[in-house]
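The structure displayed is predicted, hence computed values, not measured ones. Nothing fancy with the numbering, it's 1 onward along the sequence.
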Amino acid sequence: MTKIADGERSFGALTPTPDGDWLTTISDPQQPTEIYALEKGTARRLTHHMDDFLAPLTLASVKGFTSKSSDGTLVSGLLFRPAGAAEGQKLPLILFIHGGPVGQDEYGFDLSRQMLAAGGYAVAAVNYRAAMDAGWNSQRPSPATGVIKK
């Protein structure tokens, strides 16, 4: 397999183009899904459907983290922090648990969590041990942040 793109973003379905590149949808924590061309590993945005919606908003920062459970297993997650919150500032925390058992939080746009962070909360999105990035029986996460081509 060859990695054709990566980054802290969420990729949708890939469609090959006649010239060997790809069309895909991409979302990241500050950008809802738009259509992109992947040209030799570089994403070029083709649509701007959400620009007017985003223009007046100040969005949360999002950072990946891992934590260790009581038995030593590492569990991955994402932390949404209100825009402008100082690093190290103590904030009320909401644990925002996704459906399961095999779903996975990803570096895509999440309006619900963004709205909670805009209200002054830190929002932790924690993946289950059996989340899709870890496999059905895996006990260790391996964050899926890239697009892989067979």
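- A donor-acceptor pair is defined here as one N or O able to donate and one able to accept, closer than 3.5 Å; no such pair exists between the side chain of T58 and the backbone of A83.
- To the nearest 0.5 angstrom, F96 atom CZ is 6.5 Å from L116 atom CG.
- Of all non-hydrogen atoms in E87 and K63, the two that sit nearest each other are OE2-NZ, 4.0 Å.
- Here CG of L74 is found 5.5 Å from OG1 of T66. Values are rounded to the nearest 0.5 Å.
- Of all heavy-atom pairs between F109 and Q31, the closest is CB-O, 3.5 Å.
- Taking 4.5 Å as the limit, every side-chain heavy atom of V123 sits out of range of all side-chain heavy atoms of L93.
- A donor-acceptor contact shorter than 3.5 Å is absent between the side chain of E34 and the backbone of S27.
- There is a path of hydrophobic side-chain contacts, each under 4.5 Å, that joins L59 to L111.
- Shortest non-hydrogen contact noted between P32 and L54 is CD-CD1, 3.4 Å.
- Taking 4.5 Å as the limit, some side-chain heavy atom of V126 sits within range of a side-chain heavy atom of V75.
- Rounding to the nearest 0.5 Å places CG of L14 at 6.5 Å from CG of L38.
- Within the 4.5 Å cutoff, the side chain of Y107 has heavy atoms near those of the L78 side chain.
- Residues L23 and L46 meet the side-chain proximity criterion, which asks for heavy atoms closer than 4.5 Å.
- Q114 approaches Q30 most closely through the heavy-atom pair NE2-NE2, 4.3 Å.
- The CG atom of N127 sits 9.5 Å away from atom CD1 of I97, with the distance rounded to the nearest 0.5 Å.
- Using a 4.0 Å cut-off between a side-chain N of Lys or Arg and a carboxylate O of Asp or Glu, K40 and D19 do not qualify as a salt bridge.
- When all heavy atoms of T25 and T33 are compared, the closest pair comes out as CB-CG2, 3.5 Å.
- Here the OG atom belonging to S10 is positioned 11.0 Å from the CG atom belonging to D110, to the nearest 0.5 angstrom.
- Around CE of M115, the count of heavy atoms belonging to other residues, nucleotides or ligands within 6.0 Å does not exceed 12.
- The two atoms that bring I26 and A43 nearest to each other are CD1-CB, 3.9 Å, heavy atoms only.
- Using a 4.5 Å cut-off on side-chain heavy atoms (C-beta onward), L91 and R81 make contact.
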